[in-house]
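For reference, positions follow the sequence shown, starting with 1.
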Amino acid sequence: MNDATSRTATKRPAPSQDDARFSLPPSSIHKVEADGVQVFYRSAGEANAPVVLLLHGFPTSSFMFRELIPRLASDYRVIAPDLPGFGFTEVPPERKYPYSFDRLAFTIDAFTQALRIDRYAIYVFDYGAPTGFRLAMTHPDRVTAIVSQNGNAYEVGLGEAWGPIRKYWAAPTAENRDILRQSILTAGGTRWQYTHGVANPEIVAPESYTLDTALLERPGNKEIQLDLFLDYASNIKLYAKFQEYFRKSNPPLLAIWGKNDPFFVPAGAEAFRKDLPSAKIQFLDTGHFAIETHVVEIASAMKDFLAASGPSRPVTGSAAQR
């Protein structure tokens, strides 16, 4: 399929000390129209390989997967979109886009249809979890496996860091909205999310939280984020339905968790076993953005898990153009 715009693929070598890094599959960047939105995405891997869809969280974008994508692309077609309101996805003003998690899921569903992807494993992180779980509930036959990296579906998984946002849910006043604007939607607040719970915060690449901060500062973007903070309560109301989906569809699931995450605590990972007794649970000694410090471990665990439980490479057939 032809994208609305497409850019030349560029090599993005992983930070390794051996020469193998120079043979990593190339990644490319694209945009495609879906649901009236110009969705930016990163892609790598062969067009007929099994698909892994990577769904990022707040306040980041597909940029968070820059080191994971090439580590998976030798075996999978890896696709990582930017959600509306994040990264380089563009929402035309005339679209009058309603920033809710129902709509994010609808747009990503339209995105998969635009790319003609009808079966995929999903990696969900933070906001990517309620987005991806909505996709899975809507199309249980399409989701072959789930990797949840600090992607929550249980109330026991909500940590104390949600306190100010819970207060906003209970009383969505201008004052409580402004408290979140001044405390979370700042350069310091973003850096804290990346470094809290990390043994050596200096190893977190500064371009990660610096890029997120710059994109948050775009005109109107903080209001979008505040709308999504308020709507996050809708995800908690859906937790019972997410859990019902787990029980009925029994998808293979790996929960790989930064155990020092102040937002989504380890109990959220362990809770998956209530509905998916065969779920694989793994904890990493890091924080919310586990992929920033433990991408090697996450990639290795994913490849083992997907090889055992995900889709196999088709013998024949073709897929849409990357």
**Student:** Can you tell me which residue pairs pass the side chain to side chain donor-acceptor pair (under 3.5 Å) test with a partner in residues 202-211, sequence neighbours excluded?
**Tutor:** R191-Y209

**Student:** Hey, does T107 have a side-chain heavy atom less than 4.5 Å from the side chain of V39?
**Tutor:** yes

**Student:** When you group the ILVMFWY residues by side-chain heavy-atom contacts below 4.5 Å and let the links chain together, are F106 and I108 in the same group?
**Tutor:**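 Different clusters.
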
**Student:** Decide if atom NZ of K280 counts as having more than 12 heavy atoms of other residues, nucleotides or ligands within a radius under 6.0 Å.
**Tutor:**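 Counting other residues, nucleotides and ligands, NZ of K280 stays at 12 neighbours or fewer.
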
**Student:** I'd like to know if the side chain of Q149 and the backbone of H288 have a donor-acceptor N/O pair within less than 3.5 Å.
**Tutor:**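 Answer holds: yes.
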
**Student:** Regarding E175 and K167, does a basic nitrogen lie under 4.0 Å from an acidic carboxylate oxygen?
**Tutor:** no

**Student:** Any donor and acceptor pair, going by atom type alone, linking the side chain of D126 with main-chain N or O of G128 inside 3.5 Å?
**Tutor:**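 No; zero donor-acceptor contacts below 3.5 Å.
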
**Student:** Taking the six-membered ring for Trp, is the centroid-to-centroid distance between F65 and F63 below 6.0 Å?
**Tutor:**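 For F65 and F63, the ring centres are not under 6.0 Å apart.
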
**Student:** Side chains of residues 89-96: which donor-acceptor partners sit under 3.5 Å, not counting sequence neighbours?
**Tutor:**
unit_1	atom_1	unit_2	atom_2	d
T89	OG1	F40	N	3.0
T89	OG1	D82	O	2.6
E90	OE2	K31	NZ	2.6
R95	NE	D35	O	2.8
R95	NH2	D35	O	3.4
R95	NH2	D35	OD1	3.0
R95	NH2	D35	OD2	3.4

**Student:** Is the side chain of W169 donor-acceptor paired with the backbone N or O of F229 at a distance under 3.5 Å, no angle test?
**Tutor:**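 Checked: pair present.
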
**Student:** Which heavy-atom pair separates N152 from Y239 by the least distance, and what is that distance?
**Tutor:**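 Smallest interatomic distance, heavy atoms only, reads ND2-OH, 3.0 Å.
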
**Student:** Just verifying a value: how many Å separate K248 NZ and K241 NZ, rounded to the nearest 0.5 Å?
**Tutor:** 10.5 Å

**Student:** Search all heavy atoms of P140 against all heavy atoms of Y245 and return the closest pair with its distance.
**Tutor:** CB-CE1, 4.0 Å

**Student:** For the residue pair L135 and A105, what are the closest heavy atoms and their distance?
**Tutor:**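 Looking at all heavy atoms of both residues, the shortest contact is CD2-O, 3.6 Å.
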
**Student:** Quick one: pull up CD in E160 and CZ in R166 and give me the separation to the nearest 0.5 Å.
**Tutor:**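 E160 atom CD to R166 atom CZ measures 10.5 Å (nearest 0.5 Å).
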
**Student:** Drop me the distance from D275's CG to R247's CZ, to the nearest 0.5 angstrom.
**Tutor:**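 D275 atom CG to R247 atom CZ measures 4.5 Å (nearest 0.5 Å).
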
**Student:** Looking at residues at least two apart in the chain, or sitting in another chain, which of them share a side-chain hydrogen bond (donor to acceptor under 3.5 Å, both in side chains) with D304?
**Tutor:** none

**Student:** Any chance the side chains of N235 and R134 put a donor and an acceptor closer than 3.5 Å?
**Tutor:** yes

**Student:** With a 3.5 Å distance limit and no angle check, can you tell me whether E67 reaches the backbone of I291 through a side-chain donor-acceptor pair?
**Tutor:**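 Pair absent, no side-chain N/O of E67 close to backbone of I291.
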
**Student:** Partners of Y232 by side-chain hydrogen bond (donor to acceptor under 3.5 Å, both in side chains), sequence neighbours excluded?
**Tutor:** none

**Student:** Stepwise, does the side chain to side chain donor-acceptor pair (under 3.5 Å) test hold for N260 with D285?
**Tutor:** CA-CA 7 Å; N260 305 322; D285 187 14; 3.0 Å; yes

**Student:** Which residues pass the side-chain hydrogen bond (donor to acceptor under 3.5 Å, both in side chains) test with H196, sequence neighbours left out?
**Tutor:**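 Per chain and number, H196 pairs via side-chain hydrogen bond (donor to acceptor under 3.5 Å, both in side chains) with W192.
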
**Student:** What about I179 and L230, same hydrophobic cluster or not, with Ile/Leu/Val/Met/Phe/Trp/Tyr joined at side-chain heavy-atom distances under 4.5 Å?
**Tutor:** no

**Student:** Hey, could you give me the OH/CD distance between Y154 and E270, rounded to the nearest 0.5 Å?
**Tutor:** 12.0 Å

**Student:** For the residue pair R42 / S62, report whether a side-chain donor-acceptor contact shorter than 3.5 Å exists.
**Tutor:**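 Yes, a side-chain donor-acceptor pair sits under 3.5 Å.
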
**Student:** Does R142 pair with D109 as a salt bridge, N-O distance under 4.0 Å?
**Tutor:** yes

**Student:** Which is it for Y97 and R103 under the side chain to side chain donor-acceptor pair (under 3.5 Å) test, yes or no, and what are the steps along the way?
**Tutor:** CA-CA 8 Å; Y97 192 85; R103 198 71 212 185; 4.9 Å; no

**Student:** Identify every side-chain donor-acceptor pair in residues 249-259 under 3.5 Å, counting partners at least two apart or on other chains, and give the distances.
**Tutor:**
unit_1	atom_1	unit_2	atom_2	d
W257	NE1	F264	O	2.9
W257	NE1	V265	O	3.2

**Student:** Measure up the Y194 and F289 rings against each other and bin them: parallel (under 30°), tilted (30 to 60°), perpendicular (over 60°).
**Tutor:** parallel

**Student:** Looking at CZ of R177 and CG of L185, how far apart are the two atoms once the value is rounded to the nearest 0.5 Å?
**Tutor:**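 If we round to the nearest 0.5 Å, R177:CZ and L185:CG are 9.5 Å apart.
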
**Student:** Looking just at side-chain N and O atoms, do T286 and T293 make a donor-acceptor pair shorter than 3.5 Å?
**Tutor:** yes

**Student:** How many angstroms lie between CG in L215 and CD in Q225, if you round to the nearest 0.5 Å?
**Tutor:**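 So the CG of L215 and the CD of Q225 are separated by 10.0 Å.
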
**Student:** Would you mind telling me which of F125, Y41, F86 makes a ring pair (Phe, Tyr, Trp, His ring centres under 6.0 Å) with H56?
**Tutor:**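 Going through the options one by one, the only one that passes is F86.
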
**Student:** Are F246 and F272 close enough that their ring centers fall under 6.0 Å?
**Tutor:**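 Between F246 and F272, the centre distance is under 6.0 Å.
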
